[in-house]
Protein chains: 2
Amino acid sequence: MRDMAVRRRPTHEIAADLRAAIEAGELPPGSRLPSRAALAERYGVAELTVTHAMTQLRHEGLITSRAGAGSYVRGPQQLLRASRLRLSRAERVAGRGTFATDAHSGGWTARSDVEVRTERADATVAGYLGIGEGDEVLVRDRVMYADDEPVQLATSYLPAELATGAMAEPDSGPGGIYARLEDAGHVLTHYEETVRVGRATESEAAALRTTPGTPLLRLVRRAHTATRVVEVNLITMLGERFELHYEAPAE
Amino acid sequence: MRDMAVRRRPTHEIAADLRAAIEAGELPPGSRLPSRAALAERYGVAELTVTHAMTQLRHEGLITSRAGAGSYVRGPQQLLRASRLRLSRAERVAGRGTFATDAHSGGWTARSDVEVRTERADATVAGYLGIGEGDEVLVRDRVMYADDEPVQLATSYLPAELATGAMAEPDSGPGGIYARLEDAGHVLTHYEETVRVGRATESEAAALRTTPGTPLLRLVRRAHTATRVVEVNLITMLGERFELHYEAPAE
DNA sequence: GAGTGGTCTAGACCACAAC
DNA sequence: TTGTGGTCTAGACCACTCC
């Protein structure tokens with residue numbers, strides 16, 4: 001652009017230029033951006049100005065940067081669909097848990113690291129489960145991987161007296177914890193989910209290999225039998241990688 | 001703190017200090033933060049360093065800044081619950097649309113600006129509605145306000161041949177567009193919603209009085225009768241102000 | 001060892017709000 | 001008019017990656 005218009009805000013202009021180049025495919029996914037120094041030279045601005053433009057693009061999820069290695073255009077990430085099927089009894093009977101169900105229909109591979117322990121319920125968990133504060137609960141702490149990238153954290157709580165057999169094992173067996181609950185005679189009637197958007201704390205960012213402040217989806221799922229809440233699961237997902245599906249009757 | 005430990009990252013330290021002061025109530029909501037110059041002096045750093053710390057807090061939603069006026073601690077924002085009730089026929093019969101239903105149960109006031117027009121469906125909309133590309137659709141474009149702050153954008157599309165009577169008016173009447181569809185004999189059977197996280201573009205940011213890059217909730221809601229999709233609504237919500245509620249049967 | 005992005009200093013100009 | 005936050009320049013040091 002030889003006849004560049006009057007420069008309004010160099011930061012915005014540089015960000016817009018790079019964004020356009022990425023979207024036009026001139027900078028394809030995986031390709032390396034010019035270095036900070038090169039861009040500063042090209043646009044005739046200070047390096048800090050270029051830095052701000054690149055920070056903006058990073059916040060938009062368009063690029064990633066690593067000190068020493070450079071800045072690269074991010075490829076379109078595979079979208080992980082959390083379908084309404086994931087809670088179906090049919091899938092449980094087929095031996096798949098919720099995460100595995102989504103993986104199966106989405107064509108990605110699922111893997112989890114699980115830690116199991118018991119602790120006393122704090123006020124929040126007690127409230128969700130409808131039990132007393134300080135009552136014993138089984139805690140199942142999970143990091144879930146899609147194609148070997150960590151994409152979801154989940155901490156599940158069950159009243160200790162319900163958590164028998166494989167429920168207290170790291171591997172809860174085919175169909176997961178909901179299948180074990182039903183094996184034990186706790187027939188599930190419905191699930192309740194609340195969805196919020198949050199931002200990654202430092203520890204969440206470390207676990208999900210992202211940066212603090214990244215948008216997250218925070219779900220609270222409660223599993224009900226006819227008489228009580230038998231489990232609550234606090235789920236944290238990489239916000240921009242998931243698509244949640246729900247269905248509701250018109251009545 | 002006289003015996004301050006070795007300074008690791010001034011930006012993080014200052015942000016953590018201010019965050020702690022806000023959370024401890026030493027800087028209550030509405031109160032003004034010390035100026036950039038004052039903080040730079042206090043911490044013995046450059047003003048740019050303080051600026052970065054404040055930018056971080058702004059991204060976390062803790063403060064707002066206005067040039068000339070100062071930086072202020074934001075009050076806790078009212079959380080807007082989008083309950084599963086919002087799609088119930090009972091609420092429609094009571095004369096409330098989806099947004100008004102949430103307002104009614106949440107205790108906030110709802111208001112909308114509506115624009116209505118017809119256009120030809122693009123591939124995306126045609127796909128959602130199961131009609132042909134280029135077919136005429138009625139478009140209802142809305143900005144929705146909670147307590148007079150814009151919090152949600154919604155663009156609703158209906159196949160033109162279904163959009164009779166008040167559906168084509170800015171005020172679609174009590175119970176909203178779904179009530180009119182049922183009046184016209186299109187009995188709704190179920191809704192389907194997909195939820196994703198996105199970031200505000202510049203125009204979305206302007207409409208929602210926020211900054212580009214702010215996390216948003218993007219919903220696609222399709223209303224079904226027994227035989228077809230009669231409406232699709234592309235909804236954009238301020239991510240951090242909404243909580244979505246869903247319920248699913250265990251089967 | 002050369003080059004990268006992350007972070008910091010020191011100083012500056014601006015539009016704007018408040019007085 | 002004074003001070004605010006928003007933005008920019010110019011220069012620097014660092015840990016780190018890659019060769």
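To find a chain, count down the sequence lines: A is the first, B the second, and so on, and within it residues start at 1. Remember, predicted model here, so these are calculated numbers, not experimental data. Reckoned from all heavy atoms, side chains included, excluding hydrogens, waters and symmetry mates.
Identified under the salt bridge (charged side-chain N to carboxylate O under 4.0 Å, His left out) test for residues 46-68 of chain A, with sequence neighbours left out: A:Arg19-A:Glu60, A:Arg36-A:Glu47. Sorted by first and then second residue, the salt bridge (charged side-chain N to carboxylate O under 4.0 Å, His left out) pairs with a member in residues 206-219 of chain B read B:Glu204-B:Arg218; sequence neighbours excluded. Sorted by first and then second residue, the pairs that involve residues 233-244 of chain B and meet side chain to side chain donor-acceptor pair (under 3.5 Å), not counting sequence neighbours, are A:Arg199-B:Glu240, B:Gln77-B:Arg241, B:Arg81-B:Glu243, B:Glu149-B:Arg241, B:Glu243-B:His245.
Mapping A:Arg66 and B:Arg32 onto DNA chain D by nearest heavy atom places B:Arg32 closer to the 5' end of the strand.
Nearest to the side-chain atoms of A:Arg36 among the listed nucleotides C:dA10, C:dG6, D:dT9 stands C:dG6.
Annotation: proximity of residues 47-63 of chain B to DNA chain C (heavy atom, distance under 4.0 Å) is found for B:Leu48, B:Thr49, numbered in ascending order. Near DNA chain D, meaning a heavy atom under 4.0 Å away, the residues from residues 68-76 of chain B are B:Gly68, B:Gly70, B:Ser71.
In this structure, the side-chain contact (heavy atoms from CB on, under 4.5 Å) partners of A:Thr214, at least two apart in sequence or on a different chain, are A:Ala200, A:Thr210, A:Thr211. A:Tyr191 pairs by the ring pair (Phe, Tyr, Trp, His ring centres under 6.0 Å) definition with A:Tyr178, not counting sequence neighbours. Considering only residues two or more places apart in sequence or on other chains, A:Ala21 meets the side-chain contact (heavy atoms from CB on, under 4.5 Å) condition with A:Glu26, A:Leu27. Annotation: side-chain contact (heavy atoms from CB on, under 4.5 Å) contacts of A:Arg32 (sequence neighbours excluded): A:Tyr72. Applying the side-chain contact (heavy atoms from CB on, under 4.5 Å) criterion to A:Glu119, with sequence neighbours excluded, gives A:Arg117, A:Val137, A:Val139, A:Tyr157. For A:Phe242, the ring pair (Phe, Tyr, Trp, His ring centres under 6.0 Å) test picks out no residue, with sequence neighbours left out.
We find that CD of B:Glu13 is positioned 17 Å from C1' of C:dG6, with the value rounded to whole Å. Separating the OH atom of A:Tyr43 from the P atom of D:dT9 is a distance of 14 Å, rounded to the nearest angstrom. The distance from atom CG of B:Leu18 to atom P of D:dG5 is 12 Å, rounded to the nearest whole Å. One interatomic measurement links the two molecules: NE2 of A:His12 to P of D:dC8, which rounds to 7 Å at whole-angstrom precision.
Of the side-chain N and O atoms in B:Arg9, none sit less than 4.0 angstrom from OP1 or OP2 of C:dG6. At least one side-chain nitrogen or oxygen of B:Ser35 sits closer than 4.0 Å to the OP1 or OP2 atom of D:dT4.
With rounding to the nearest 0.5 Å, the separation of CG in A:Leu238 from CG in A:Leu217 is 9.5 Å.
The minimum heavy-atom distance linking B:Pro10 with B:Val45 is given by the pair CB-CG1, 4.0 Å.
Rounded to 10 degrees, the angle separating the terminal axes of the helix from C:dG1-D:dC18 to C:dA18-D:dT1 is 0°, with each axis obtained from five end pairs.
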